[in-house]
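As structure tokens, the structure follows; a few thoughts come after it.
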Amino acid sequence: MYMVYWTTVENGEHKPHSKLYDTSAMVQAMNFMEQLRARQRAGEAVRFVTMSSEHPDLVGHPGVDVVGPDYNWKKRRR
């Protein structure tokens with residue numbers, strides 16, 4: 001799933017907005033972001049346009065996991 005976030009400034013107040021898109025709708029989400037950026041370039045008070053994704057069938061927990069004492073990761077390249 002994709003979530004597009006943006007902020008509008010109205011009378012000096014920042015108002016957050018969001019719009020949810022299905023996992024299969026990445027192109028639509030990116031097109032919407034471009035529409036927001038076009039409004040911003042045209043002088044409208046649209047700020048902080050960004051997108052975040054989260055897979056609904058994620059197997060593990062997002063973020064850093066706890067590793068045990070036997071964990072021994074090494075960077076192979078120099």
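If you read the sequence from its start, that first residue is 1, and numbering goes on from there.
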Subject >> Pair listing, side chain to side chain donor-acceptor pair (under 3.5 Å) test, anchored in residues 36-45, at least two apart >> reply: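 Qualifying pairs: Glu34-Arg41, Arg39-Glu44.
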Subject >> Residues clustered with Met1, ILVMFWY side-chain links under 4.5 angstrom >> reply: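 Listed partners: Met3, Tyr5, Leu20.
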Original post:
So how far is it from Arg47 CZ to Thr8 OG1, rounded to the nearest 0.5 Å?
Top reply: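 Taking CZ in Arg47 and OG1 in Thr8, the distance rounds to 10.0 Å.
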**OP:** Just say parallel, tilted or perpendicular for the rings of Phe32 and Tyr21, cut-offs at 30° and 60°.
**Re:** tilted
Original post:
Which atom pair, heavy atoms only, marks the closest approach of Leu36 to Val46?
Top reply: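 Between these two residues, the closest heavy atoms are O-CG1, 4.0 Å.
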**OP:** Please check if atom CD in Glu13 has more than 12 non-hydrogen atoms from other residues, nucleotides or ligands closer than 6.0 Å.
**Re:** no
**OP:** Go through the steps to decide whether Trp6 and Met33 satisfy the test side-chain contact (heavy atoms from CB on, under 4.5 Å), and finish with yes or no.
**Re:** CA-CA 9 Å; Trp6 71 101; Met33 289 173 58; over 6 Å; no
